[in-house]
Amino acid sequence: MRITVVGSGYVGLVTGACLSDLGFKVVCLDKDEDKIRALQEGEVPIFEPGLKELLNRNRADGRIRFTTDACEAIEHGDVVFIAVGTPASEDGSADLGHVLSVASTIGRYLKGFKLVVNKSTVPVGTADKVRAAISHELVHRGMSPDLFDVVSNPEFLKEGAAIDDFMRPDRIVVGVDEGLHHARSQRMMGDLYASFNRHHSRTVWMDVRSAELTKYAANAMLAARISFMNEMANLADVLGADVDHIRRGIGADSRIGHSFLYAGCGYGGSCFPKDTQALVSTARAYGQTMSVVAATEQVNERQKLILVDRLVQRMGGDLRGRKIAVWGLAFKPNTDDMREAPSRMVIRQLLLRGARVSAYDPVASGEAMKALRLDFADDAEHLERLGMAAGEMQALQDADALLVLTEWKNFHNPDFEAMKALMRCPFILDGRNLYNPEALAECGIAYQGVGRRNDLVQWLKFEAVPEGLAHALNDDHASAVSVNA
Ligand SMILES: NC(=O)c1ccc[n+]([C@@H]2O[C@H](COP(=O)([O-])OP(=O)(O)OC[C@H]3O[C@@H](n4cnc5c(N)ncnc54)[C@H](O)[C@@H]3O)[C@@H](O)[C@H]2O)c1
């Protein structure tokens, strides 16, 4: 069986790389010429641990190649994956433009039987639209409209651990509908994933509509757990409880489990925000409401700004003359993906309030600048107060506060004494609950996590910064900070 993957982004590249590593001959198609040229030259346009090595090894062995030639690509595969983006439209519904454009392309070039496998996250009913688009082209070409089947195979990989997730799946969801090609499609999907089912079957077979909805249900459930814990953390904050104890206390219940119970400054990424919105929108279109999912998204939007709210509580709303350090820009560690990253909203608010921002991310600084330039397209002058630091310690120089937004491993155990010496005010707002409040209290650093014992915080009295004061001139730490023991 030969494989074509249409869309060479996070999902398409990981799918192509992993299937080629399992021995299949893979062609990856994308309409982005720069991306394909880079891939042909051995460059990988995204940061995903292990992906570059996997792609280059299989490229060198002749098992995977990259093209913008749709005719050649569609001809190659017995199985054609659709792995293009399904961004949110203005009204929150999933924009199927890319998916349906690929479907038309498949119909335009298809010659013999093709199994079309949809891996993009799409609303229920999309497979029917894909079928209609392909059939339309076939009829137009005077061919039989039955030369293909469409199955659903949603992807559950996590960015940052995508190769491992693909190669060691918890489960593989495959939706195949009754019909002319049912047996053939089921056999082909079985053969495709046989390597993962040798010990025991990980494939969960179902109909196409159920498979399409399963993906949304999974993301909505995970997002809801995070928003639930964020609300719990905000309550713990005012009650003097510690959400980290609560997390352990409930996670130990086997009915609940430990995963996705971490409170913080909100989720981002290319999936949870758009998929929860799309699910709410699908329900609305069918006269239903999804109150839990809608609330999940609302809570998250508020939570993304929780650190700014706290900063403003301590320093006042006018941040002119303040310098704020930010550690972590990507929406999560081990990726450079900036889609819906909380850092974008946080930095926007800080800059609009007049602060200078000194940010650092181990891999996402370049992508972050691109994303922020888009966010500030209408008020680009604010970006003059944003600097990307060369390292985490450089970002702290003369800072009035540090906001930790992404839990990169190298932020886990920093040298707190050195940090304190560098900062104008030793104040850490930890959006990922990385640090021990007691240790920081001992160190004389004002620390606030999300839902962590406020009573341990040694509050700083932030003196007003005279308007227009240049930070570089103010190197007298002691005069700017008084610590209430
Ligand atoms: N990123 C994730 O972690 C993840 C996980 C599971 C599911 N998904 C879903 O998978 C889908 C793809 O997501 P992604 O993050 O890989 O997207 P992406 O934006 O990284 O990649 C999509 C690629 O498709 C290409 N493309 C668009 N239209 C095309 C066309 N007509 N022909 C050829 N190429 C075309 C784009 O140029 C781009 O390179 C989405 O529906 C997403 O929701 C993503």
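These numbers were taken from a predicted model, which means no experiment stands behind them.
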Notebook entry, point to check: Are Asp398 and Lys323 close enough for a salt bridge, meaning some N to O gap below 4.0 Å?
Noted result: no
Check: Can you check whether Ala399's main-chain N or O pairs, donor with acceptor, with Arg356's side chain at less than 3.5 Å?
Finding: no
Next item on the list: Kindly say whether Gly449 contributes a backbone atom to a donor-acceptor pair with the side chain of Arg310 at under 3.5 angstrom?
Entry: yes
Margin query: Run the side chain to side chain donor-acceptor pair (under 3.5 Å) test on Tyr267 and Glu297 for me, step by step, so that the C-alpha distance in whole Å, both residues' side-chain angles and the decisive distance to 0.1 Å come before the verdict.
Written below: CA-CA 9 Å; Tyr267 59 75; Glu297 183 58 11; 2.9 Å; yes
Next item on the list: With salt bridge (Lys or Arg N to Asp or Glu O under 4.0 Å) as the test, would you mind laying out the steps for Arg339 and Asp337 before giving the verdict?
Entry: CA-CA 6 Å; Arg339 289 178 282 187; Asp337 199 339; 3.0 Å; yes
Next item on the list: Without swapping roles, check the side chain of Lys274 against the backbone of Ala88 for a donor-acceptor pair under 3.5 Å.
Entry: no
Check: Is it true that Trp327 and Phe411 have ring centroids separated by less than 6.0 Å?
Finding: yes
Check: Relative to each other, are the rings of Phe376 and His382 parallel, tilted or perpendicular (30° and 60° limits)?
Finding: tilted
Next item on the list: Before accepting this row, confirm whether a basic side-chain N of the pair Glu212/Lys215 lies closer than 4.0 Å to the acidic partner's carboxylate O.
Entry: no
Notebook entry, point to check: Is it true that a side-chain atom of Lys114 and a backbone atom of Val79 form a donor plus acceptor pair closer than 3.5 Å?
Noted result: no
Notebook entry, point to check: Are Arg184 and Phe113 in a cation-pi setup, meaning NZ or CZ lies under 6.0 angstrom from the ring centre and within 45 degrees of the ring axis?
Noted result: yes
Notebook entry, point to check: Between the side chains of Asn230 and Ser227, is a donor N or O closer than 3.5 angstrom to an acceptor N or O?
Noted result: no
